[in-house]
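Notes follow the structure.
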Amino acid sequence: MIATKESEIIIEVDNLTVSYGPKPALLDISLKVEKGCLAGVIGPNGAGKSTFIKAILGFVVPDIGKVLINGVPADKAKGCVAYVPQRGSVEWDFPITVREVAMMGRYNQIPWYRDPKAEDNRIVDEALKMVRMQDFAHRQIGQLSGGQQQRVFMARALAQGAEILLLDEPFAGVDAATERAILDVLEEARSAGKTLVVVHHDLATAGEYFDKLILIKQRLYACGTPRAVLREDLLSEVYEGKLRVFSDLIRDSSSTEQKGAK
Ligand SMILES: Nc1ncnc2c1ncn2[C@@H]1O[C@H](COP(=O)(O)OP(=O)(O)O)[C@@H](O)[C@H]1O
Ligand SMILES: [Mg+2]
């Protein structure tokens with residue numbers, strides 16, 4: 001992200017509280033995301049990361065507070081936001097090709113009474129190319145590897161033409177080469193002017209991948225540059241007993257960062 005003095009705010013979260021039962025999953029979260037930002041959402045299991053993404057999508061109704069997309073309430077701005085769900089949450093047993101999955105991204109634009117137009121076909125081809133899956137267009141989705149399926153879902157989201165892309169743990173369970181390929185697509189989307197909010201579980205790479213980090217465990221613990229967020233005191237509070245593993249990583253990354261600094 002190129003930080004300008006007056007970065008345009010595309011997502012604004014104000015005093016957001018969301019509950020499924022008596023205990024809130026998210027409590028009083030306020031933050032802003034600038035247009036063109038590649039933002040990572042981090043926090044332990046059950047911290048409310050997926051709920052946060054669903055609130056930006058307008059899929060969950062806040063108890064208190066609001067999410068604004070370009071100043072419009074999230075539930076009225078659905079066309080601006082595309083979503084790549086967590087891979088485990090999708091059933092792959094039905095016969096559908098890669099291209100058909102990507103074309104699903106166009107369904108909001110295509111009325112039920114007509115077939116896709118040349119324009120829709122062009123957009124879908126472009127999206128498949130961007131995720132490097134054009135050669136697999138006619139394959140059944142169920143025959144692909146996890147990382148390939150993830151990229152097809154990214155193509156579906158890209159085909160929607162939304163300004164904001166939300167991804168829930170896109171790197172979970174993929175190999176290193178696929179992780180790199182997915183990151184390339186995220187960076188390419190950012191270069192094309194998209195804003196991305198990505199749930200990420202790996203603190204070791206969080207500082208390297210993202211412009212901005214959002215650290216959540218029910219409440220917002222920090223939001224800012226990776227350097228400002230990946231602080232040992234904050235992480236030890238949020239991750240509690242698991243920090244021992246992470247403290248080495250923090251030490252590693254801060255010693256790299258401080259190289260050459262006086
Ligand atoms: N549909 C649901 N119904 C009831 N509780 C839920 C639902 N979805 C999530 N939760 C609860 O809300 C909390 C936050 O969950 P989630 O947003 O999935 O966290 P994360 O993605 O960080 O693991 C957890 O305690 C979880 O059990
Ligand atoms: Mg989750």
Side-chain angles (χ1 to χ4, degrees), residues 11-31 33 37-67 69 73-75 78 81-92 146-147 149-151 153-154 156-157 164-174 178-179 182-183 186 195-207 209-210 212-224 226 229-231 234-243 245-246 249:
I11 303 169
E12 183 177 342
V13 179
D14 284 329
N15 304 110
L16 177 71
T17 297
V18 177
S19 315
Y20 298 102
K23 185 172 166 268
L26 294 174
L27 186 60
D28 200 24
I29 306 242
S30 296
L31 56 85
V33 177
C37 182
L38 176 50
V41 181
I42 54 174
N45 280 339
K49 302 180 297 297
S50 296
T51 303
F52 180 69
I53 293 288
K54 286 172 188 162
I56 299 176
L57 271 167
F59 278 11
V60 293
V61 182
D63 303 347
I64 308 170
K66 56 184 191 263
V67 178
I69 309 293
D75 58 338
K78 286 183 176 149
V81 186
Y83 172 54
V84 180
Q86 233 169 321
R87 200 159 45 83
S89 63
V90 182
E91 234 351 293
W92 292 114
Q149 290 174 344
Q150 186 70 38
R151 276 145 68 192
F153 256 92
M154 290 172 74
R156 185 184 72 155
I164 300 172
L165 298 179
L166 306 175
L167 298 95
D168 201 343
E169 303 215 17
F171 303 117
V174 303
T178 303
E179 178 150 341
I182 292 172
L183 185 64
L186 299 181
T195 305
L196 300 107
V197 181
V198 181
V199 176
H200 189 57
H201 66 281
D202 184 8
L203 287 180
T205 50
Y209 289 0
F210 300 105
K212 179 182 191 121
L213 290 176
I214 297 166
L215 175 62
I216 291 181
K217 188 170 80 177
Q218 188 191 41
R219 294 171 181 276
L220 180 68
Y221 280 74
C223 175
V229 174
L230 296 173
R231 280 176 20 204
L234 282 172
L235 296 179
S236 68
E237 196 179 343
V238 171
Y239 286 86
E240 296 169 55
K242 293 177 200 144
L243 185 73
V245 185
F246 297 128
L249 297 168

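Just the heavy atoms: all of them, side chains too, but no hydrogens, waters or symmetry mates, feed the values below. Remember, it's 1-based here, ligands and their atoms both numbered in the order they're listed. This structure is a prediction, so every number in the text was calculated from the model and none was measured. Starting from 1, each residue takes its place in the sequence as its number.
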*Mind jotting down which protein residues get a heavy-atom contact under 4.0 Å with ligand 1? Chain and number order, please.*
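The answer is Tyr20, Ala25, Pro44, Asn45, Gly46, Ala47, Gly48, Lys49, Ser50, Thr51, counting any residue whose heavy atom sits under 4.0 Å from ligand 1.
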*Quick one: salt bridge (charged side-chain N to carboxylate O under 4.0 Å, His left out) partners of Asp28, sequence neighbours excluded?*
none
*asked:* For the Mg ion (ligand 2), which protein N/O/S atoms fall under 2.8 Å? Skip waters.
replied: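 Checking every protein N, O and S atom gives Ser50 OG.
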*Carefully, step by step, assess Tyr239 and Leu203 under the rule side-chain contact (heavy atoms from CB on, under 4.5 Å).*
CA-CA 11 Å; Tyr239 286 86; Leu203 287 180; 3.7 Å; yes
_Taking every non-hydrogen atom, the tightest pair across Ala39 and Ile214_ =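 Heavy atoms only, the tightest pair is CB-CD1, 4.5 Å.
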Side-chain atoms of residues 48-62: list all donor-acceptor pairs with protein atoms under 3.5 Å, sequence neighbours left out, distances to 0.1 Å.
from, atom 1, to, atom 2, distance (Å)
Lys49, NZ, Gly43, O, 3.0
Lys49, NZ, Pro44, O, 2.9
Ser50, OG, Asp168, OD2, 2.6
Thr51, OG1, Tyr20, OH, 2.8

*I would like to know whether Phe153 and Leu167 meet side-chain contact (heavy atoms from CB on, under 4.5 Å); could you show each step before the answer?*
CA-CA 10 Å; Phe153 256 92; Leu167 298 95; over 6 Å; no
*Val81, Ile11, Leu38 screened by side-chain contact (heavy atoms from CB on, under 4.5 Å) with Val197, the one that passes*: Ile11
*Is a side-chain donor or acceptor of Gln218 paired with a backbone partner of Pro24 at a separation under 3.5 angstrom?*
yes
*Check: Val84 and Arg156 side chains under 4.5 Å, non-hydrogen atoms*: no
*asked:* Is there a side-chain contact between Arg231 and Tyr221 in this structure, where contact means two heavy atoms from C-beta onward sitting under 4.5 Å apart?
replied: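 SC-SC contact between Arg231 and Tyr221 ruled out.
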